[in-house]
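Keep in mind the model is a prediction, meaning the values are calculated, not measured. As the structure lists them, so they are numbered: ligands from 1, and atoms in each ligand from 1.
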Amino acid sequence: MGITERLAAPSRDDLASLQQLVVESRWNQSPEDWDVFLRLGTVHVVRDEAGRIVASGAVLPMGASPVAWISMILVMPARRGVGLGRAVFGACLRQIQFEGRIPMLDATPAGEALYTQFGFRPQWRLARWRREASERDARNAGLSRSLQRQPAGEALQGLVKLDAAALGFDRRTLLEQLADRRGSVCVAGGEAAGLVREGRTARHVGPLLARSEAAAGPLLRDIVDAEDAALLIDLRDARPLLRATLEAAGFRHERPFARMALLAPGQVLPAGDDALLHAVAGPEYA
Ligand SMILES: CC(C)(COP(=O)(O)OP(=O)(O)OC[C@H]1O[C@@H](n2cnc3c(N)ncnc32)[C@H](O)[C@@H]1OP(=O)(O)O)[C@@H](O)C(=O)NCCC(=O)NCCS
């Protein structure tokens, strides 16, 4: 049987097997993230002869907008290089093109090499920064906790509004799901808003939105000063002030990503205000 014939749709019973892909690839998603893709989107997988999932890809529609996000393109390390990544990616792309939507994604360098072959082009670049818990302790021991937590609902409204203005589409349902999880913290104030949520190996900061890079700085400082756990943030490259804030707080550059889109003739991206978006919700979420 060819790879395309082995493509299938998983169910919630496959959560452990899907999460094994994340663990073996050392990504940060949790089973709760897979649950989002199974409930709000579509997951395509390839199984091996024993029925174990060895490759995945997900499509997440961005609310009522024409955009659909391609996420979780993952192949078991021992199974890479034989066409499985191309197969799951192709299944996601065919679905989106059949629906007449615009496919977008945040690509790792290995992913970018594949997606470029399908005509995807980078819109801008970003990078993952990481701070281990021990690094925080060494640098910031004794710092006061200054994160002003607003009532959760109020902060979330601020976040959803800025996020929609930044992207040009509303993804309230997704942001509510992320904010409602145990351990999530939503903060907003002074024309800036941000979200921190649990991950498999580190808490993830993002999205981070603000009227300007200068306005995002104090909120980012408050967030990283208040967090004791290991932290990740996916920051746009064209944000030198925020990068300096992260470096001063003990973050290190981990890996680059490229935001990519594939536009068919006549398609245009939703009109957002790019300047508002500083760190993304996660490469898997836009
Ligand atoms: C990226 C990934 C999904 C590719 O899956 P794969 O099954 O190994 O890829 P395929 O065998 O289908 O190869 C498809 C193409 O991808 C490109 N490619 C794959 N891995 C690459 C790498 N490490 N560096 C450069 N190009 C790579 C090649 O151009 C290849 O085309 P070719 O067959 O003409 O040489 C897989 O390496 C993986 O899971 N990596 C870790 C997770 C990741 O980065 N996912 C992408 C998220 S955006």
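- In terms of N/O distances under 3.5 Å, ligand 1 is not approached by Ala113.
- Using a 4.5 Å heavy-atom threshold, the side chains of Leu38 and Pro10 count as touching.
- Val280 places none of its side-chain heavy atoms less than 4.5 Å from the side chain of Tyr285.
- Atoms of ligand 1 found under 4.0 Å from any heavy atom of Leu74 (numbered from 1 in listed order, with element): 39 (O), 42 (C).
- The proximity of Trp27 to ligand 1, defined as any non-hydrogen pair under 4.0 Å, is limited to the side chain.
- Looking at Arg239 and Glu213, no side-chain N of the basic residue comes within less than 4.0 Å of a carboxylate O on the acidic one, giving no salt bridge.
- The closest protein non-hydrogen atom to atom 4 (C) of ligand 1 is Gly85 CA, 4.3 Å.
- Within a 4.0 Å radius of atom 13 (O) of ligand 1, the protein contributes no heavy atom.
- At a 3.5 angstrom cut-off on N or O pairs, Ala87 does not count as close to ligand 1.
- Looking at ligand 1, you'll find an N or O of Gly81 within less than 3.5 Å of one of its N or O atoms.
- Side-chain atoms of Gln117 and Arg86 form a donor-acceptor pair, as typed in the model, at a separation below 3.5 Å.
- A cation-pi arrangement is not found for Arg243 relative to Trp129, the charged atom failing to lie both closer than 6.0 Å to the ring centre and inside a 45° cone about the ring normal.
- Proximity to Gly83 (heavy-atom distance under 4.0 Å) selects the following atoms of ligand 1: 10 (P), 11 (O), 12 (O).
- Using a 4.0 Å cut-off to heavy atoms of Asp106, the atoms of ligand 1 that qualify are 48 (S).
- Geometrically, ligand 1 and Thr108 share a nitrogen or oxygen pair separated by less than 3.5 Å.
- The closest approach between a heavy atom of Phe257 and any atom of ligand 1 is not below 4.0 Å.
- Of the protein's heavy atoms, Leu114 CD1, 3.6 Å lies nearest to atom 15 (C) of ligand 1.
- Atom 35 (O) of ligand 1 is never approached by the protein to below 4.0 angstrom, counting heavy atoms only.
- The contact set between ligand 1 and Tyr115, taken as ligand atoms under 4.0 Å from a residue heavy atom, comprises 46 (C), 47 (C), 48 (S).
- A donor-acceptor contact under 3.5 angstrom links the side chains of Gln95 and His44, judged on distance only.
- Less than 4.0 angstrom separates atom 2 (C) of ligand 1 from none of the non-hydrogen atoms of the protein.
- Note on ring orientation: taking the six-membered ring where Trp is involved, the planes of Phe89 and Phe118 are perpendicular (angle over 60°, cut-offs 30° and 60°).
- Of all protein heavy atoms, the one closest to atom 22 (C) of ligand 1 is Ala110 CB, 3.8 Å.
- Side-chain atoms of Arg26 never come within 3.5 Å of backbone atoms of Thr201 as a donor-acceptor pair (strictly under, hydrogens ignored).
- Shortest contact from atom 45 (N) of ligand 1 to any protein heavy atom: Ile73 O, 2.8 Å.
- A side-chain donor-acceptor contact under 3.5 Å links Asp48 to the backbone of Gly51.
- With respect to Asp33, the side chain to side chain donor-acceptor pair (under 3.5 Å) criterion is satisfied by exactly one of Arg181, Arg200, Gln177, His204: Arg181.
- Residue-to-ligand polar distances keep Gly111 apart from ligand 1: every N/O pair is separated by 3.5 Å or more.
- Taking every heavy atom of both residues into account, Ser25 and Arg80 meet most closely at OG-NH2, 3.1 Å.
- Counting the atoms of ligand 1 from 1 in the order shown, those under 4.0 Å from a heavy atom of Arg86 are 12 (O), 14 (C), 15 (C), 31 (O), 32 (P), 33 (O), 34 (O).
- Each of the following atoms of ligand 1 lies closer than 4.0 Å to a heavy atom of Ala107: 48 (S).
- Of the candidates Arg80, Arg255, Gln117, it is Arg80 that places a heavy atom closest to atom 38 (C) of ligand 1.
- For atom 39 (O) of ligand 1, the closest non-hydrogen atom of the protein is Val75 N, 2.9 Å.
- Transitive grouping of hydrophobic side chains (ILVMFWY, heavy atoms separated by less than 4.5 Å) keeps Leu241 and Val205 in distinct clusters.
- Closest approach of Leu15 to Pro31, counting heavy atoms only: CD2-O, 3.9 Å.
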